[in-house]
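See structure below.
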Amino acid sequence: MQKRNELYRGKAKTVFHTDDPELLILEFRNDTSAFDGEKIEQLDRKGEVNNKFNHFIMNHLEQAGVKTQVNALLSDTESLVKKLDMIPVECVVRNVAAGSLCRRLGVEEGMTLNPPTFEFFLKNDALHDPMINDYHIISFGWASEAQIAGMKALTFKVNDVLTQLFDQGDMILVDYKLEFGVDNEGNIVLGDEFTPDGCRLWDKTTRNKMDKDRFRQGLGSVVETYIEVANRLGLAL
Ligand code: ADP
Ligand code: UDP
């Protein structure tokens with residue numbers, strides 16, 4: 001497999017073509033951004049930590065029956081993944097109130113949400129990723145009704161699998177964002193990444209933040225804490 005030209009450079013990852021039209025390389029960079037790219041820093045080893053963490057989680061999900069992009073870990077900072085036709089929406093599940101939900105609805109951070117709640121956001125930096133609903137997705141042709149149902153079912157399946165996994169590591173999976181794409185057989189497949197950059201994780205006992213809120217809120221020890229998350233799941237980094 002040969003690495004070819006760059007397809008896309010995002011805020012945290014660069015995507016490369018390969019000589020296989022079905023496969024792409026995701027390169028995880030050290031760049032860390034928050035507030036729609038207003039705060040950007042390079043954090044030593046973050047690319048490597050997120051690349052290996054993402055590979056570990058995608059494999060775990062695959063074993064639990066979730067179709068993912070996972071193919072192979074190529075290097076410290078690169079993964080080989082299935083090329084997907086990405087659906088331009090973000091699927092967010094929340095088990096505990098935090099972040100934009102609290103700002104938007106005035107609810108207190110830390111309130112348990114039973115059942116967990118689900119939100120769609122449009123992937124559009126210029127518009128600050130506005131919240132959207134199923135009807136917007138269908139009216140604007142971003143996905144079909146069946147694809148929406150598929151994304152919701154998979155996002156909740158991921159919740160069942162990962163709340164349990166993080167619980168075993170004495171962590172609470174507060175919320176997370178997933179992105180899906182369509183493979184060449186029309187299946188809805190989990191793409192992009194699952195790392196502490198795209199979810200909230202709290203220590204079960206102290207409720208200390210173990211995710212990108214450490215960066216957003218300037219709490220320090222960002223990568224060190226991501227490594228601790230991995231170690232608690234049995235992944236030595
Ligand atoms: P952003 O675009 O939000 O700045 P990244 O820096 O993470 O984000 O860039 C990664 C880009 O690659 C995203 O646009 C994402 O939708 C896309 N992507 C992720 N996984 C795949 C995949 N398996 N196939 C095709 N595109 C993907
Ligand atoms: N999230 C993300 N990318 C985004 C928006 C949100 O990974 O562009 C994740 C975020 O890390 C959190 C969850 O989705 O785990 C919910 O984010 P929220 O809507 O609370 O927004 P935020 O507080 O991050 O602005």
Side-chain angles (χ1 to χ4, degrees), residues 6-18 20-40 46-47 50-51 54-55 58 67-71 77-105 107 109 113 116-132 142 155 158-159 162 166 172-184 187-202 209-217 226:
E6 184 178 311
L7 171 67
Y8 175 77
R9 185 182 168 90
K11 293 185 292 297
K13 301 193 290 298
T14 310
V15 186
F16 294 90
H17 284 292
T18 69
D20 183 336
E22 303 298 327
L23 297 174
L24 296 174
I25 292 172
L26 293 187
E27 184 205 354
F28 289 72
R29 308 194 312 272
N30 287 341
D31 296 293
T32 311
S33 74
F35 314 122
D36 294 321
E38 267 177 43
K39 177 173 176 173
I40 301 177
K46 205 206 54 156
N50 274 6
N51 181 40
N54 179 58
H55 187 72
M58 291 265 171
K67 274 195 169 61
T68 77
Q69 66 184 2
V70 74
N71 184 293
T77 56
E78 295 167 305
S79 285
L80 191 63
V81 299
K82 281 179 205 124
K83 183 182 199 304
L84 303 173
D85 188 6
M86 296 303 289
I87 296 171
V89 303
E90 303 183 335
C91 301
V92 170
V93 160
R94 300 176 187 274
N95 296 303
V96 178
S100 73
L101 181 76
C102 297
R103 295 195 293 275
R104 205 178 331 116
L105 301 184
V107 295
E109 181 179 90
L113 304 173
T117 197
F118 182 100
E119 295 167 342
F120 281 122
F121 295 89
L122 179 65
K123 251 186 89 75
N124 186 320
D125 284 340
L127 297 177
H128 309 293
D129 294 350
M131 193 163 85
I132 52 172
W142 294 316
T155 305
V158 167
N159 201 36
L162 294 188
F166 287 111
I172 301 166
L173 178 58
V174 171
D175 58 32
Y176 57 90
K177 180 268 297 178
L178 301 180
E179 290 179 30
F180 293 92
V182 182
D183 70 9
N184 56 5
N187 300 304
I188 296 282
V189 177
L190 178 62
D192 202 48
E193 67 178 80
F194 190 102
T195 68
D197 270 1
C199 68
R200 287 192 170 90
L201 296 165
W202 293 351
K209 297 179 195 301
M210 305 186 75
D211 53 71
K212 199 160 91 173
D213 273 348
R214 299 201 70 80
F215 175 74
R216 292 189 189 96
Q217 298 174 10
Y226 287 18

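We count residues from 1, following the sequence as given. Atoms within a ligand are numbered from 1 in the order they appear, just like the ligands themselves. No experiment lies behind these values; they were computed from the predicted model shown. The figures that follow rest on heavy atoms only: side chains count, while hydrogens, waters and symmetry mates do not.
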Give me the nearest non-hydrogen protein atom to atom 16 (O) of ligand 1 as residue plus atom name, then the distance to 0.1 Å. E179 OE1, 3.1 Å
For ligand 1, which atoms have a heavy atom of K82 less than 4.0 angstrom away? 22 (C), 23 (N), 24 (N)
I'd like to know if R29 pairs up with E27 as an ion pair, taking the criterion as any Lys NZ or Arg NE/NH1/NH2 lying under 4.0 Å from an Asp or Glu carboxylate oxygen. no
N51-S79 side chain donor-acceptor pair, cut-off 3.5 Å: yes
Using the side-chain hydrogen bond (donor to acceptor under 3.5 Å, both in side chains) rule, take N187 and D183 through it: C-alpha gap first, then chi angles, then the decisive distance, then the call. CA-CA 5 Å; N187 300 304; D183 70 9; 3.0 Å; yes
My understanding is that we take every heavy atom of each candidate and find the minimum distance to atom 18 (N) of ligand 1. Doing that for K123, M86, K177, R29, which one comes out nearest? M86
Side chains of L113 and L101, heavy atoms from C-beta outward: is any pair under 4.5 Å? yes
How close does the nearest protein non-hydrogen atom get to atom 7 (O) of ligand 1, and which residue and atom is it? K13 NZ, 2.5 Å
Looking only at protein heavy atoms, which one is nearest to atom 15 (O) of ligand 2, and how far off is it? D175 OD1, 2.6 Å
Non-hydrogen atom of D197 closer than 4.0 Å to ligand 2: yes
If only atom types and distance count, is the side chain of Q69 paired as donor or acceptor with the main-chain N or O of D192 below 3.5 Å? yes
Looking at G181, is its backbone amide N or carbonyl O close enough to the side chain of D85 to form a donor-acceptor pair, meaning the two atoms are under 3.5 Å apart? no
Looking at ligand 1, does R9 have a heavy atom less than 4.0 Å from it? no
Less than 4.5 Å apart, any side-chain heavy atom of D31 and any of R9? yes
Quick test of your reading of the structure: of D129, D192, T195, D125, whose heavy atom lies closest to atom 20 (N) of ligand 1? D192
Can you find an N or O of D129 that's nearer than 3.5 Å to an N or O of ligand 2? yes
Which atoms of ligand 2 have any heavy atom of C199 under 4.0 Å away? 11 (O), 15 (O)
Heavy-atom closest pair, residues A97 and C102: C-SG, 3.7 Å
Shortest non-hydrogen separation from T68 to K82 and the atoms involved: O-NZ, 2.9 Å
For ligand 1 and L84, I'd like to know whether there is a polar contact (N/O to N/O, distance under 3.5 Å). yes
Checking side-chain hydrogen bond (donor to acceptor under 3.5 Å, both in side chains) between D197 and each of K46, K212, K11, which is the one that passes? K46
One pair to check against side-chain contact (heavy atoms from CB on, under 4.5 Å): N95 and I172. What are the steps and the verdict? CA-CA 9 Å; N95 296 303; I172 301 166; 5.8 Å; no
State the atoms of ligand 2, each with its element, that fall below the 4.0 Å cut-off from a heavy-atom position in G99. 20 (O), 23 (O)
Nearest neighbour of atom 2 (C) of ligand 2 from the list K177, K123, R104, E119, on a heavy-atom basis: K177
One residue to check: L24. Relative to ligand 1, which of side chain, backbone, both or neither has a non-hydrogen atom less than 4.0 Å away? side chain
The one among C102, S100, G198 that brings a heavy atom closest to atom 18 (P) of ligand 2: S100
Of E90, H128, R216, the one whose closest heavy atom lies nearest atom 5 (C) of ligand 2 is E90
Quick one: which of E179, R200, M131, E193 has a heavy atom closest to atom 17 (O) of ligand 2? R200
Can you tell me the protein heavy atom closest to atom 12 (O) of ligand 1 and the distance? V15 CG2, 3.3 Å
Checking heavy atoms under 4.0 Å, the part of Q69 that sits near ligand 1 is side chain
Would you say E193 has any N or O atom under 3.5 Å from an N or O of ligand 1, going by distance alone? no
Report yes or no: is the cationic atom of K39 (NZ for Lys, CZ for Arg) closer than 6.0 Å to the six-membered ring centre of F215, at no more than 45° off its axis? yes
At a non-hydrogen distance cut-off of under 4.0 Å, which region of V81 contacts ligand 1 (side chain, backbone, both, or neither)? side chain
Out of R94, R103, K212, K11, who gets a non-hydrogen atom closest to atom 25 (O) of ligand 2? R103
Donor-acceptor contact below 3.5 Å, side chain Y176 vs main chain L201: no
For the pair T77 (side chain) and G47 (backbone), establish whether a donor and an acceptor sit closer than 3.5 Å, ignoring hydrogens and angles. no
G10 heavy atoms within 4.0 Å reach ligand 1 at atoms 4 (O), 5 (P), 6 (O), 9 (O)
Mind checking whether A12 has a heavy atom under 4.0 Å from ligand 1? yes
Considering only NZ, NE, NH1 and NH2 on the basic side and carboxylate oxygens on the acidic side, decide whether E109 and R200 come within less than 4.0 Å. no
Quick test: of every protein heavy atom, which one is nearest to atom 4 (O) of ligand 1, and how far off is it to 0.1 Å? K11 N, 2.7 Å
Considering heavy atoms of the protein only, find what lies nearest to atom 14 (O) of ligand 1 and give residue, atom and distance to 0.1 Å. Y8 CE2, 3.4 Å
